[in-house]
Every structure is written in C-alpha cells, then in structure tokens.
Amino acid sequence: MKEPDLPKRYEPASFERRWYAMWESEGYFTPDPDQTETPAFSIVIPPPNVTGRLHTGHALVNTLQDILVRWKRMSGFNTLWMPGTDHAGIATQMVVERELAKEGLSRIEMGREEFLRRVWAWKEDHKDQIKEQLVRLGVSCDWTRERFTLDEGLSRAVRHVFVTLFKEDLIYRALAMTNWCPRCRTAISDIEVEHREQSGKIYMLEYPMAVEGTSLIVATTRPETMLGDTAVAVHPEDPRYRHLIGGMVTLPLTGRTIPVIGDAILVDPEFGTGVVKITPAHDRNDYEAGVRNGLSQIQVIGEDGRMTAAAGDQFAGLDRFEARERVLEELEAAGLLRETKEHVNAVALCGKCDTIIEPMISRQWFVRIAPLAGPAIEVVRDGRVTITPQSWESTYFNWMENIHDWCISRQLWWGHRIPAFYCNCGEVVVSEEDSPSCPKCGSSDLSQDPDVLDTWFSSSLWPFSTMGWPDETRDLKLFYPTDTLVTGFDILFFWVARMIMMGIRFTGQPPFSKVFLNGLVRDEFGQKMSKSKGNVIDPMDAVDEMGADPVRFTLAILTSGRDIPLAKSRMQGYAAFANKIWNASRFSMMHIDTELRSAKPINRDELRMVERWILSRVNAATHEVNRALSNFRFDEAANAVYKFFWHEFCDLYIEMAKPVLLGKHGTQADQRRARRVLLEALDRSLRLLHPFMPFITEELWQKLGGVEPSIMIAPYPISEDVLDDPEAERLVTIVQEMITTVRNVRVERGFTHSDRFRLVIQADRTRDAAFYEANAYLLVELARLSEVVINGKASGDAHRDVVGGVPIAIDFPEKVLTEEQLARISRDIEGLEKELTGIEARLSNEQFIERAPAAVVDGARSRKKEILSRLKTLRQNLVVRTA
RNA sequence: GCGGGGUUAGCUCAGUGGUAGAGCGUCUGCUUUACACGCAGAGGGUCGGGGGUUCGAGCCCCUCACCCCGCACCA
C-alpha cells in the first residue's frame with residue numbers, strides 16, 4: 001500500500017481550467033473532416049444572446065447537450081457541436097440604448113451609422129463573456145467553428161432566403177394591423193405578445209344620436225380610443241337597435257358625427273349593451289370591421305404612445321394613459337360617462353419590455369407561412385422528426401395548424417437589413433446585391449428599406465447557415481441534417497417550428513431528427529426564479545462554490561422531462577458524490593500501480609464470486625446509462641451511475657475487496673487479481689461518468705495513467721452479455737442481506753460495533769455451502785463476527801432468521817431480548833402474516849391461477865413458501881425470556 | 001372557449017398492470033487506517049375524492065375537485 005498522489009478532498013478549482021485548456025488545445029472538440037466513413041453526430045447550440053449572461057436555463061440546456069455530445073463522441077461518432085451566438089435584435093439594441101442614456105445620448109440624435117458602430121463595439125467587448133461561462137461548465141463545442149448570426153456568411157444566407165421567398169410570393173409587404181410596442185418603437189409578431197390577466201375598469205359611454213334624441217351606450221376598456229372612432233355598430237337583427245342603422249351619432253368631445261352600422265361579425269347582441277364603438281386604427285377587430293364597411297381610419301395614437309394631432313388640440317401630445325384620464329374627466333363633466341365597473345381582462349404586453357402593446361396600422365413585411373407549415377406538420381406526423389416529451393407534439397400541431405402570417409420587419413437598426421430597395425420611380429427591388437439598380441428606369445439611386453428582420457428569421461436558418469449554406473460545403477455534407485436539437489419548450493414556436501419549416505423548404509430535409517425540450521429551471525419549491533423573489537441561482541456562483549461537475553450532475557439528474565426544481569442542497573449532495581468518487585479513486589490508487597493499465601485482460605475463469613458480481617453490476621449500470629441516454633432520460637442515466645458507484649462499488653465492493661487488498665485474506669495471486677478487478681470497475685465507472693462529470697473524471701483518469709491521452713476520447717463502455725452473472729448476483733445479494741440482518745439485530749439488541757458474535761448458516765445445498773465457506777471472511781469482516789459456521793449448530797437462544805431462503809442463527813452472548821427487538825420481531829411477523837393472507841387469497845382464487853401468467857403464480861407460490869419458513873423461524877425468537 | 005400537464009413519504013420528484021422508490025430532511029449509533037462532503041441502522045405513504053375494467057390498478061377507462069402552462073377571446 002502506498003500513499004496516493006492525491007489530496008484528501010475533491011478540490012475542483014485546482015484542475016478544471018487546466019483540463020479544459022488541454023482538451024481545446026489538443027483539438028478534441030473538433031471533428032475529423034476526413035472521417036467520412038465514421039458515422040457523424042451533430043448538434044447546433046441554441047445560440048445565446050451575444051451580450052447576455054449565462055443563467056440556469058443556459059446551464060441546463062448546454063449541460064444536456066454536452067452529455068449527449070461527449071457520450072456520442074466516446075461512443076465512436078465523428079461529433080460536431082456547433083457553437084455560436086445570436087445578435088438578438090431588440091434585446092441588444094435596448095441594452096446599448098440604456099448604456100447611451102447613461103451618457104445622456106440617444107440613438108436618434110446619434111444617427112444610424114454611429115449607433116451601429118457603438119453596438120458592434122459593445123458586442124466586441126462582451127462576446128467572450130458567454131463563451132467563458134460556457135467553458136467553465138465544460139461544454140465540448142468546436143470553438144474553431146464559432147458563428148454569429150450577423151457574420152457575413154450567415155447574412156448571405158438570410159438575404160438569399162428572403163429574396164427566394166419574395167420571388168415565390170411567400171414574402172410580401174402590406175399595410176396591416178400590427179402589434180406596436182411604443183417603448184421599443186417597433187412592430188412585433190403575434191407570438192412576441194404576452195397576455196396577462198389584470199384587473200382594470202370598463203367604462204360605459206353615452207353617444208347621443210344626432211337626430212333622434214336618444215342615445216347609444218357603448219362599453220370600452222380604452223376610452224382614449226374613442227377619439228378615433230369612425231362608427232358605432234349594432235347587430236343587424238337586433239330589434240332594440242336595428243331601426244337606428246343608417247343614423248348618425250355625435251361623437252362626444254370631437255364634434256364629429258359618425259354612422260351607426262350593422263355588423264353581424266363584430267357584434268354579439270348578448271354581450272354588454274349590444275353596441276360596439278369602432279376604432280379602425282387601433283383595434284384588430286375594429287380594423288377588420290372598418291375594412292368590411294368602408295370606414296375611414298383615424299390614427300389618434302402615435303408611434304411614441306402619445307396622442308396625435310388627430311386626437312384634437314386638448315389631447316395632442318399627451319401620453320395615451322394621461323389622455324385616458326382626460327377623456328374620462330371630460331366625459332364625466334359632460335354627463336356622458338354613464339358607469340364605471342371593475343373588469344378583469346388580459347392585456348397585451350410586449351414580450352421584451354412588458355409595455356402595453358398598441359394595435360397600430362403600419363406597412364410591414366410578412367412571411368406567408370401556411371405553405372411552409374404543411375410539410376413541417378408532415379415530418380412530425382410521420383416521425384421523421386420526433387419531439388420528446390411527446391406531449392409537446394399536440395401543442396406543435398395545434399399551433400402549426402392555426403398559424404398566422406409572420407410579421408418579420410422590425411423598426412430597429414441592429415439586425416439584418418431588409419434587402420428591399422425603393423426607386424423614385426416607384427419600383428420595389430428585392431435583391432441579394434448590396435446596391436442594385438432599378439430594372440424599370442435604370443436608376444442606381446435606390447434607397448434601402450430602413451427596417452431590419454426579426455431576429456428569429458436568421459435563427460430559423462441556424463442549422464444550415466452555420467454550416468456554410470447556400471454553398472455546398474463539406475460541413476453540410478458531413479453534419480447536416482443534425483441529429484438532436486436540445487432547447488427549452490418556451491421557444492418551440494419561435495425557433496423550433498420555424499427551423500423545421502425553413503430547413504425543409506431550403507435543404508429538402510428537416511434540420512434535425514430529434515427534438516428534446518427541456519423544462520424550465522425553477523427554485524427548490526417549484527417557483528419561477530426571479531430577481532424580485534430573490535430565489536435566483538447564478539450558475540457561475542454555483543460552479544465557483546462547488547465545481548462544474550456537481551452543478552452539471554444535479555441538472556442532469558433532475559431532468560425527467562418536466563420543470564426542474566433546482567436546489568442548493570441537491571448540488572451540495574452531488575458535490576459530496578464528487579468527493580466520493582475522488583476518495584474511492586484515492587483508495588484504489590493506494591493499491592493500483594499505473595502500469596496495471598497495460599496489464600493483460602482479466603481471465604474470467606479465475607474470478608471469485610464477488611469479482612464476478614461487481615463486473616456484472618457495472619455492466620448492468622452501463623446498460624442502463626446507455627439505454628436511458630438514448631431516450632433522453634438524463635435523470636435515469638445519472639441515477640443509475642450514481643447508485644451503482646456509491647452504493648454498489650463503494651459501499652459494497654470496495655468493502656468486500658478490502659480483506660484481500662489489505663492482505664488479510666487470500667494469496668498474493670488473489671490480491672493481484674483483486675487489484676485488477678478494482679481497476680477494471682473503477683475504469684469503467686469513470687468512463688461512464690465522464691459525460692456527466694468531465695473534469696473530475698479526467699483528473700482521476702490521468703492519475704490512473706489511462707491508455708488514451710484523454711478520457712474524453714476513450715471508448716464509452718457498452719454492456720457485454722458475457723459480464724452478466726445472475727448466479728453471482730443471487731449469492732452476493734444473499735450475503736449482503738445476511739450482513740444487514742446481523743447489523744440490524746446487533747443494534748436492536750443494544751450491542752456495539754465492537755461486539756462480535758458467531759453466525760451459523762444452514763446451507764444444505766452443496767454448491768452454495770462451498771460458496772458460503774469460501775466467502776465466510778466477508779461476513780466476518782463486514783458484519784463484524786467472531787466466526788462463521790456452515791451447517792453447524794447454534795445455541796437454543798440464538799436469534800434466528802431466514803435470508804434468501806437460507807436459515808441463519810446469530811449466537812449472542814446473552815439470551816435477553818430487548819423490548820425494542822421484541823416489538824420489531826412482532827412487527828415483522830405481523831407484516832408477514834398480512835402478506836401471507838393476501839397471497840393465500842390469491843392462490844385460492846381459481847381465476848388467478850387460470851388467468852395470471854405462470855411466472856406470477858409461481859412467484860406467489862415461492863413467496864408463500866418463503867414467508868412460511870421465515871414466520872416459523874422468527875416465532876422461535878419470541879420463545880425466550882424478555883428483559 | 002380550445003389544448004396540454006399535474007395531484008405518490010415532511011420537501012422536491014421518479015415510477016405506463018403483478019408484494020410502493022430516490023435525493024434532501026428527521027431519529028439512533030459510530031473518530032472502523034479512501035471519504036464525517038463519511039459509515040451503519042431506523043422511522044415515515046389507505047399513491048387527490050368517487051365509480052368502473054381486470055384474477056390483480058399508483059399505473060387503463062369514466063367522473064368530480066383543486067393546481068400549473070400554452071393558444072384564442074375579452075365592446
């Protein structure tokens with residue numbers, strides 16, 4: 001035995017950065033471009049915002065990808081994980097505008113060119129932050145291929161797609177009702193609008209009829225829009241009002257008179273007063289009603305959220321919510337505010353800044369999406385693309401089948417500028433060229449559309465634009481379509497669906513065959529993390545505190561397909577696991593020379609039962625980990641390796657191997673063999689663990705003197721049938737249960753750790769008797785016995801039990817039972833009797849015998865036998881004096 | 001209104017027809033020479049309520065209750 005060259009505790013800070021630097025400099029993250037024969041495995045990263053910071057959601061999605069990527073790479077695939085970042089139009093522009101505001105600057109004053117220069121500078125300053133944080137996590141992305149959505153190559157792909165879709169009339173420009181964010185000063189698409197229930201007020205306003213002397217009452221939650229009303233509608237069949245159709249009402253505060261119209265689509269006579277005010281310029285339904293009825297549109301709210309001149313002198317320039325108050329005051333004064341009621345409604349908010357959306361008519365670019373959606377629905381239906389968890393497929397279909405055209409123009413400066421050019425002659429030129437000339441009048445004095453594209457437009461091309469498309473590159477040939485996409489369910493519509501549509505349209509294939517949607521990271525009580533709740537866990541703080549491996553392992557073991565309740569205590573628990581791995585390796589190194597790594601293969605015929613057992617168990621864990629990872633069951637995979645390593649390898653195998661390793665039992669040949677098996681089990685364990693805990697496994701592997709230069713390119717264990725050993729599992733399990741029984745009774749009898757007893761095993765079957773004889777030392781050591789007697793005679797007062805069908809007796813120095821043990825035995829007996837009643841009821845049921853599978857019936861019969869034998873034995877224990 | 005998910009041990013969650021599980025927490029011992037970030041042992045659940053199918057239901061079907069998440073509507 002020797003002192004290992006290893007600290008007593010797991011100290012991740014001492015090696016994590018070192019190994020990452022080695023992996024990267026050795027080029028292990030970069031696939032071999034010449035290996036066209038090897039099957040490829042590729043993943044593209046969901047690109048984080050270029051100026052963002054890593055949060056727990058990123059930590060999760062990237063840990064999961066890295067587990068898959070490392071697993072596949074070790075399993076022999078030519079593996080590419082494509083990294084990169086997203087320019088994130090609105091988000092980045094907002095951040096930089098905020099920074100400028102601190103200097104008292106605004107982008108408007110600064111101008112487009114200068115502003116963009118500042119954003120690029122900001123991007124350059126921050127672009128490495130996300131990468132550095134991902135590196136701390138240990139992700140094995142191929143950084144030599146790092147991409148950015150505004151790179152020249154990706155921008156070319158964007159222009160090519162835009163122009164192609166425009167030529168096919170799948171992109172068009174139109175005046176339409178759009179969601180306008182007065183704060184971001186841009187239109188946004190429908191899915192960027194969030195709805196939130198809010199309690200507010202609804203107002204009943206009186207609109208006097210111009211001639212009839214009566215009046216109509218309309219209800220509204222947005223009184224300021226009345227300034228832009230151009231009609232009042234009733235249901236054409238409504239007997240209360242239909243005679244008023246064609247008449248006029250005087251629109252209060254404006255002096256305008258507007259018509260009363262009949263519209264069966266807009267008006268539900270059952271709802272409210274049955275009269276609806278129509279503001280075509282500021283409400284989606286009203287807009288459509290306006291188009292149907294040829295009404296004019298009066299824009300009373302401007303792009304900045306302030307009232308326009310058209311709202312009238314007394315309101316112009318007011319913020320829309322100030323205007324609301326003023327309108328109400330004036331109506332009140334005029335006696336036309338008839339009623340104010342509490343009202344709950346869902347307000348539309350900008351998904352980026354929470355500002356209330358103002359519906360506004362504007363000229364925007366749209367993708368005609370239905371023709372693209374059809375094939376994208378098909379590939380999920382026919383299984384060419386699978387979504388896990390599968391329940392998301394219905395959500396996908398539901399959305400795709402009711403999809404609306406996608407507004408892709410944004411009134412921002414940061415992003416891909418729309419490749420449309422306007423000529424003074426009125427011609428619109430859509431071109432991939434930077435400065436096309438007008439095909440109609442020949443002029444070269446065209447002005448480019450000032451707007452940029454929705455960030456998600458470029459994101460939707462990510463799986464192939466990052467690989468050099470539209471050129472036919474080697475990357476595309478080798479790695480496209482990619483294999484798996486891992487991302488959060490929150491961007492299923494924003495990103496996943498659109499990638500599938502664009503991928504099919506432009507490459508003829510869906511961009512990936514499997515989608516794994518991970519849940520939302522929540523706090524330990526299932527609450528959303530938020531700064532205001534103060535329950536946010538910063539993944540980098542956690543990495544600093546505990547190491548990257550425990551953080552990764554925690555995220556993996558919590559990923560079952562639902563939301564992830566992340567708790568500090570969980571991470572601490574898996575930091576303890578890392579320490580366990582560390583110390584088990586440390587123990588092993590006390591017995592293993594590194595040259596054993598090159599030792600000859602294990603001769604299975606020489607193995608002792610416990611050695612056969614541990615190899616069978618490591619094989620079972622190997623099988624389970626591979627199976628679980630294939631099904632994206634990260635929790636099951638992590639659990640399998642955790643349970644195996646801690647509770648089987650450490651708690652049982654190492655303890656069972658100690659007598660031989662320490663030279664207390666067996667020959668020198670036994671000791672050599674035990675070392676070899678210990679190494680084998682540890683080696684396989686570390687490789688199994690590597691995708692989950694890359695750093696600690698590398699550190700330990702290197703200390704063990706691995707054959708390959710790095711564990712990350714060593715082969716991943718695969719299960720081998722030859723290692724499965726049911727006999728060893730059966731016998732060693734019985735030994736374990738015997739040990740537990742002795743320990744248990746020892747405590748209940750009030751004996752201590754150092755008291756030693758004699759154990760008698762009635763092993764009648766000759767083959768098993770030899771096993772117990774040969775392994776008696778295990779029981780002596782682990783159950784702390786004085787001696788084990790096979791088929792001997794126990795004293796009449798010994799504690800008796802039956803373990804795995806084998807009767808045992810523990811000879812205690814006193815025959816006194818404690819109250820506690822008496823109670824325990826009685827409880828055991830009661831439990832067994834209850835179970836017996838159940839089994840007997842089943843066995844006496846003819847239907848059960850007839851219909852249940854034979855294996856189940858046999859199982860019940862042998863269980864009955866076991867219970868009877870155990871009951872008989874346990875009852876003997878009660879026939880003694882009590883204390 | 002449409003769709004999806006959930007309700008299992010104190011907490012957070014696994015468990016898709018055959019004798020109820022994990023982590024953390026709790027209780028009791030233990031400085032056993034890899035590890036007290038440890039070892040050993042224990043306690044703790046009529047699997048949301050009701051009904052049905054089945055020889056057998058936490059698991060399948062129906063129904064009720066409550067919770068969560070999308071989408072749509074909201075004058």
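Throughout, a chain's letter reflects where its sequence line sits, starting with A, and its residues are numbered from 1. The figures that follow rest on heavy atoms only: side chains count, while hydrogens, waters and symmetry mates do not.
- Checking B:G23, B:A34, B:G18 against the side-chain heavy atoms of A:R570 singles out B:G23 as nearest.
- Both distances falling under 3.5 Å, in either a Watson-Crick or a G-U wobble arrangement, place B:G48 opposite B:C64.
- A side-chain donor-acceptor contact under 3.5 Å links A:N402 to the backbone of A:N398.
- Using a 4.0 Å heavy-atom cutoff across all strands shown, A:R863 reaches at least one base atom of the nucleic acid.
- If A:N744 and A:D651 are placed on RNA chain B by their nearest nucleotide, the residue sitting closer to the 5' end is A:D651.
- One can place CZ of A:F525 at 15 Å from P of B:G10, the figure rounded to the nearest angstrom.
- B:A75 has A:F271 stacked on its base ring, the centres lying under 5.5 angstrom apart and the planes within 30 degrees of parallel.
- A salt bridge (Lys or Arg N to Asp or Glu O under 4.0 Å) with A:E866 holds for exactly one of A:R870, A:R863, A:K864; it is A:R863.
- Residue A:H647 is classed as a sugar-phosphate contact, given heavy-atom separations below 4.0 Å to backbone atoms only.
- Looking at the side chain of A:N345, the nearest of the listed nucleotides B:C13, B:C74, B:G18 is B:C74.
- If you check the side chains of A:T741 and A:N744, you find no donor sitting under 3.5 Å from an acceptor.
- Rounded to the nearest Å, the gap between the P atom of B:G44 and that of B:C61 is 33 Å.
- For the pair A:F751 CZ and B:G41 P, the interatomic distance rounds to 18 Å; values are reported in whole Å.
- Spacing between B:A9 and B:G15 at atom P, rounded to whole Å, works out to 15 Å.
- Closest to the A:P565 side chain, of the nucleotides B:G70, B:U12, B:C74, is B:U12.
- On the C1' atoms, B:G21 is 28 Å away from B:A65, given to the nearest whole Å.
- Rounded to an integer number of Å, the gap from A:L782 CG to B:G41 C1' is 15 Å.
- Distance check on atom C1': B:C39 versus B:U32 gives 8 Å, rounded to whole Å.
- Note: CG (A:D635) to C1' (B:C13) measures 9 Å, nearest angstrom.
- Residue contacts for A:L558: at a heavy-atom cut-off of 4.0 Å it reaches no nucleic acid atom on any strand shown.
- B:G23 is paired with B:C11 under the Watson-Crick or G-U wobble criterion, all donor-acceptor distances under 3.5 Å.
- Nucleic acid contact for A:T221: sugar-phosphate only, since backbone atoms but no base atoms lie under 4.0 Å from a heavy atom of the residue.
- Nearest to the side-chain atoms of A:C650 among the listed nucleotides B:A34, B:G70, B:A75 stands B:A34.
- Classification of the A:F757-A:F812 ring pair by plane angle, with boundaries at 30° and 60°, yields perpendicular.
- Looking at heavy-atom distances under 4.0 Å, A:R222 makes no contact with the nucleic acid at all.
- Comparing B:C73 with B:G18, their C1' atoms are spaced 49 Å from each other, to the whole Å.
- Contacts of A:E655 with the nucleic acid, taken as non-hydrogen atoms under 4.0 Å apart, include base atoms.
- Per the geometry, CG belonging to A:L492 stands 18 Å off P belonging to B:C69, to the nearest Å.
- The residue A:T740 sits close only to the backbone: its heavy atoms come under 4.0 Å of sugar-phosphate atoms, none of a base.
- Between A:L704 and A:L686 there is a side-chain heavy-atom pair separated by less than 4.5 Å.
- The side chain of A:V747 has B:G41 as its nearest neighbour among B:C74, B:G41, B:G18.
- The side chain of A:R522 places no N or O atom within less than 4.0 Å of a non-bridging phosphate oxygen (OP1 or OP2) of B:C68.
- Here the side chain of A:Y642 is nearest to one of B:G23, B:U19, B:C39, namely B:G23.
- If you check every strand for non-hydrogen atoms under 4.0 Å, A:D268 touches a base.
- For the P atoms, the distance linking B:U28 with B:U46 amounts to 24 Å, nearest Å.
- Base pairing annotation: B:G43 forms no Watson-Crick or G-U wobble pair, as no partner gives both donor-acceptor distances under 3.5 Å.
- Minimum atom distance to the side chain of A:K8 is reached by B:C35, of the listed B:C35, B:A22, B:A34.
- Residue contacts shown for A:K864 are absent, as no nucleic acid heavy atom lies under 4.0 Å away.
- Taking the nucleotide of RNA chain B with the nearest heavy atom to each of A:A346 and A:P853, the more 5' of the two is matched to A:P853.
- Regarding A:E342, its CD atom lies at a distance of 16 Å from the C1' atom of B:C74, rounded to whole Å.
- Considering only the side chain of A:K580, B:G38 comes nearest among B:G70, B:G38, B:G41.
- Using a 4.5 Å cut-off on side-chain heavy atoms (C-beta onward), A:L336 and A:L205 make no contact.
- Base-pair partner of B:C71: B:G1 (Watson-Crick or G-U wobble, both distances under 3.5 Å).
- In this structure, B:G58 makes no Watson-Crick or G-U wobble pair, since no nucleotide meets both defining distances under 3.5 angstrom.
- As the counterpart of B:G38, B:C30 is assigned, both hydrogen-bonding distances of the Watson-Crick or G-U wobble pattern falling under 3.5 Å.
- Distance from the side chain of A:A576 is smallest to B:G38 among B:G38, B:G70, B:C24.
- Considering only side-chain N and O atoms, A:W399 lies nowhere under 4.0 angstrom from the phosphate OP1 or OP2 of B:C69.
- Atom name P, nucleotides B:C13 and B:A72: the rounded distance is 28 Å, in whole Å.
- Using a 4.0 Å heavy-atom distance criterion, A:R633 is classed as a sugar-phosphate-only contact.
- Across all strands shown, A:E835 has heavy atoms under 4.0 Å from base atoms, whether or not it also approaches the sugar-phosphate.
- The aromatic rings of A:F577 and A:F645 lie perpendicular to each other, with more than 60° between the two planes, well past the 30° mark.
- Rounded to whole Å, atom C1' of B:C67 lies 15 Å from atom NZ of A:K528.
- Checking A:N631, A:T487, A:I387, A:T559 one by one against A:F516, the side-chain contact (heavy atoms from CB on, under 4.5 Å) holds for a single residue, A:T559.
- Between B:U19 and B:C69, the distance separating the two P atoms is 37 Å to the nearest Å.
- To the nearest angstrom, C1' of B:A20 lies 12 Å from NZ of A:K834.
- Nearest approach of A:A289 to A:D263, heavy atoms of both residues: CB-OD2, 4.1 Å.
- Side-chain rings of A:W646 and A:Y642 approach one another, their centers coming within less than 6.0 Å.
- Among the heavy atoms of the strands lying under 4.0 Å from A:N285 are primed sugar atoms or P, OP1, OP2 only; no base atom is included.
- Nucleic acid contact for A:A567: none, since no nucleic acid atom lies under 4.0 Å from a heavy atom of the residue.
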